[in-house]
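Report on the following structure.
Numbering of residues begins at 1 and proceeds along the displayed sequence. Keep in mind the model is a prediction, meaning the values are calculated, not measured.
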Amino acid sequence: MAVTAVLALGLAAGIGGTAGVLAYGSSCDLDSLQSVRIGQNTFLYAADGSLLGSIPAERNRQPVTAEGMSLWIRKATIAVEDRRFFAHGGVDLEGIARAAVADIRAGQIVEGGSTITQQLVRNLYISRERTVQRKVKEACLATKLDGTWTKHRILTTYLNQVYYGNQAYGVEAAAQTYYSKPAKELNLAESALLAGLTQAPSSYDPFVTPARALVRRAEVLRAMLETGTITKRQHALAAASKLNFRPGRLYSRIREPYFFGYVRDKLIEAYGAETVRSGGLQVYTTIIPRYQRLAEKAIRDTMNQPADPAAALISISPRTGAIRAMTAVIPDRPKNEFNLLSQARRQPGSTFKTFVLAAAVESGVNPDSTYYVSAPFTYKVHPAGNCDDGSWWCVHTYANDYYGWSSIRSATIRSDNAVYAQLTLDITPEKVAETARRMGVRSQLDVQGAYVPSIGLGSIAVSPLDLASGYATLAAGGVHAEPMAIRRVILADGREDTTARWGVPKRRRAISEGTAAVVTRILEQNIQYGTGTRAAFGRPAAGKTGTNEEHADAWFAGYTPDLATTVWLGFTKGEIPMENVHGIAVSGGTFPAEIWRLFMEPALAASEPTPFAEPAFWPEWKPFTRGEYALTYDPTPSESESTETETTPADEPEPSPARPPGVGRT
């Protein structure tokens, strides 16, 4: 596909002029194409057809002339987006070939290869289907546009059209949104940051992920240095400067609800910013308004004080991935519907142990016959280290209570950090990350290319959407469905867009149904008599609590066969300990579990309770030996528990509500 595209685009770039028009007919005639009408709003609808609201046209966009833009923003954009902009004729064959090679090596699309002119064509006109024909047409139009307009006009128009995130379309709106200044006053560092946003505005949003924004800015500055746009001294000064952004009034005034932001980003990926802003789309989403109201009520009934932390809830249909509720309440900023659910990332704590458990069971490790010592555990990365400076990984349990030899099942129900630290090392952090990724976690899980052992205890930040998606995979018997917010889109001419396959679930098996069933039975017990008892509401449900070490984040992630819901609690201003909220220290088993129950119970009240399905095949247990780092002594030995890891396969499974088939009782 990539090679075909290169040949086709090369042909399109090579024929140009009159020959190009003859080869592609009227589709390569700029005058024959209708640009998107300005001022036609895009409307969003809920799953029941009720109007959710609109994405306004021309809301935060003010075109300016080239003289109204800083020279730095023009130079930064060219360096990072299209460094051969002034040399090619609208299509850069070198860039296309480079991107094709990268795509082939990766086995997926990892590099675009599109020039600024091609991106401008894509933003100005409505067609966005991902086909070779569209790419050829786009290349031909870019070649024609390059021969009709000057380079400066193309660049200026592009900078007035491109989306910078946070509802800022065009560089003037971006400058006002992020720095409260006109675009002509942007300095080098500010221009580099803005130029880096256009690739993925949500991912590099400096208001949400300033660290990522800094990394992206560094990439832009490096590109400017490599192309000779700036000197080494200019590079050093700009790279060392802080973000120093200053949100403008436009930003706070038009900041749209978080679900709108999530849907809008998905629409922009498919149609381009210009069409989303003013393309007259009718977008039908998966959100159920009643669930939205129930979610907000559950949060407000629980967190009802002005000084309370923020709370976020997201709920997904396991079978389809349809997002049914996406709600956040921020008491200290009541007017700010900030997307805590898909963009913000916080440490998930013990909710991530579920992925360790899934990886272990998928590898054939019997959670009932495999024992570890529950005791203070130290992983000595370097012989000369210590616990105080962090050179050793020193693990203790949440309440500093230990139980000696413990099965993986009992350790899960107690949420035993010491046991799970040893299990993560034995299964390997890489295997845990791979399993989490297959099950639906999309956040970056490595640290500078390596997977750290503490991943198993939830040290790597993820989003509520990540956890809800991963737990939904368990609810669906091990089949992952990509989260879906859009059911269908009606274009401005009244036609339904069927090429984008909106509303069609994207499902694939992530783990075996046997693995999902074993993990689910254990997490059912966690709600029945483990750390998640406050989530119980009288029907089959499974879930896991999570709390980070400083009480700065508290979670409950759980599911029934029909609905997977994750609740997060914490302060948005930073990782502030929640050690005295309504008189208690917040953990996942307190307010998050309660909010989960207050939402799930009425949400499912109209449906009959559904038991979790029995798998066709249970896991086949394999011989397993604890690794070199596992504790081999028991500080408080118990005669009732064996100190050896049993490797004999379990007997034929017999269904039991509290005892998972195929494994023994804790």
Side-chain angles (χ1 to χ4, degrees), residues 345-367 370-381 387 390 392-398 402-403 406-441 443-462 466-467 470-471 473-474 510-511 515 518-519 522-523 526 530-531 543-550 553 555 557 566 587-588 624 626-631 645:
R345 286 161 175 79
R346 303 290 283 261
Q347 290 183 344
S350 292
T351 57
F352 215 82
K353 289 174 183 171
T354 295
F355 301 111
V356 182
L357 178 60
V361 174
E362 188 81 342
S363 300
V365 178
N366 189 325
T370 304
Y371 283 75
Y372 284 89
V373 175
S374 171
F377 173 72
T378 301
Y379 174 52
K380 299 179 180 181
V381 184
C387 293
W392 288 352
W393 184 34
C394 302
V395 181
H396 59 84
T397 62
Y398 176 77
Y402 303 96
Y403 294 83
S406 300
S407 68
I408 294 174
R409 172 191 294 276
S410 62
T412 305
I413 295 169
R414 290 197 316 272
S415 200
D416 194 308
N417 289 342
V419 169
Y420 263 84
Q422 298 169 74
L423 179 60
T424 300
L425 285 167
D426 284 352
I427 298 300
T428 75
E430 291 79 8
K431 181 71 173 178
V432 172
E434 177 195 347
T435 302
R437 183 74 63 196
R438 291 203 314 268
M439 291 175 66
V441 176
S443 294
Q444 183 175 336
L445 296 176
D446 64 287
V447 178
Q448 296 180 343
Y451 296 98
V452 297
S454 59
I455 187 177
L457 304 187
S459 67
I460 305 300
V462 299
D466 284 330
L467 282 186
Y471 276 65
T473 298
L474 293 169
I511 55 176
T515 294
V518 171
V519 173
I522 294 175
L523 297 188
N526 188 54
T531 60
K544 185 73 185 73
T545 57
T547 313
N548 80 353
E549 193 167 355
E550 303 299 328
D553 299 285
W555 304 73
T566 291
S587 65
F624 177 76
R626 293 184 300 276
E628 60 177 309
Y629 300 108
L631 296 175
T645 299

Sequence-distant partners of Y379, side-chain contact (heavy atoms from CB on, under 4.5 Å), two or more places apart: F377, V381, W393, L425, P453, Y629

Value rounded to 0.5 Å, distance of OG in S459 from CG in L445: 9.5 Å

Distance in Å, D416 CG paired with S407 OG, rounded so as to fall on 0.5 Å steps: 10.5 Å

Heavy-atom check, side chain of L457 versus side chain of V356, under 4.5 Å: no

Shortest non-hydrogen contact from A359 toward T435: CB-OG1, 3.4 Å

Point-to-point distance, once rounded to the nearest 0.5 Å, from CZ of R437 to OG of S443: 7.5 Å

Stepwise side chain to side chain donor-acceptor pair (under 3.5 Å) test for S374 and S406: CA-CA 6 Å; S374 171; S406 300; 4.6 Å; no

From CG (N417) to OH (Y398), nearest 0.5 Å: 11.0 Å

Backbone of T515 reached by a side-chain donor or acceptor of E362 within 3.5 Å: no

Minimum heavy-atom distance between P376 and L631, given as atom pair plus value: O-CD1, 4.0 Å

T531: which of T547, N526, T412 passes side-chain hydrogen bond (donor to acceptor under 3.5 Å, both in side chains): N526

Within-4.5 Å side-chain heavy-atom neighbours: K431 and Y451: no

R345 side chain vs I460 backbone, donor-acceptor pair below 3.5 Å: no

Whether D426 side chain and R626 backbone form a donor-acceptor pair below 3.5 Å: no

Nearest heavy-atom neighbours spanning V519 and A358: CG2-CA, 3.9 Å

From CZ (R409) to CG (L357), nearest 0.5 Å: 9.0 Å

Non-hydrogen atoms of K353 and G456 that approach each other most closely: CG-O, 3.4 Å

Distance, nearest 0.5 Å, that separates CZ of R346 from CG of N548: 8.0 Å

Nearest heavy atoms of T354 and L474, plus distance in Å: CG2-CD1, 3.5 Å

Pair Y372-L423, side-chain contact (heavy atoms from CB on, under 4.5 Å): steps then yes or no: CA-CA 8 Å; Y372 284 89; L423 179 60; 3.8 Å; yes

Min side-chain heavy-atom separation Y420-I408 under 4.5 Å: yes

Partners meeting side-chain contact (heavy atoms from CB on, under 4.5 Å) with T351 (sequence neighbours left out): P348, L467, Y471, W555, A557

Heavy-atom closest pair, residues I455 and F352: O-CD2, 3.2 Å

Sidechain-backbone polar pair: Q347 side chain, G458 backbone, donor-acceptor under 3.5 Å: no

Any residue meeting salt bridge (charged side-chain N to carboxylate O under 4.0 Å, His left out) with E430, in chain and number order, not counting sequence neighbours: none

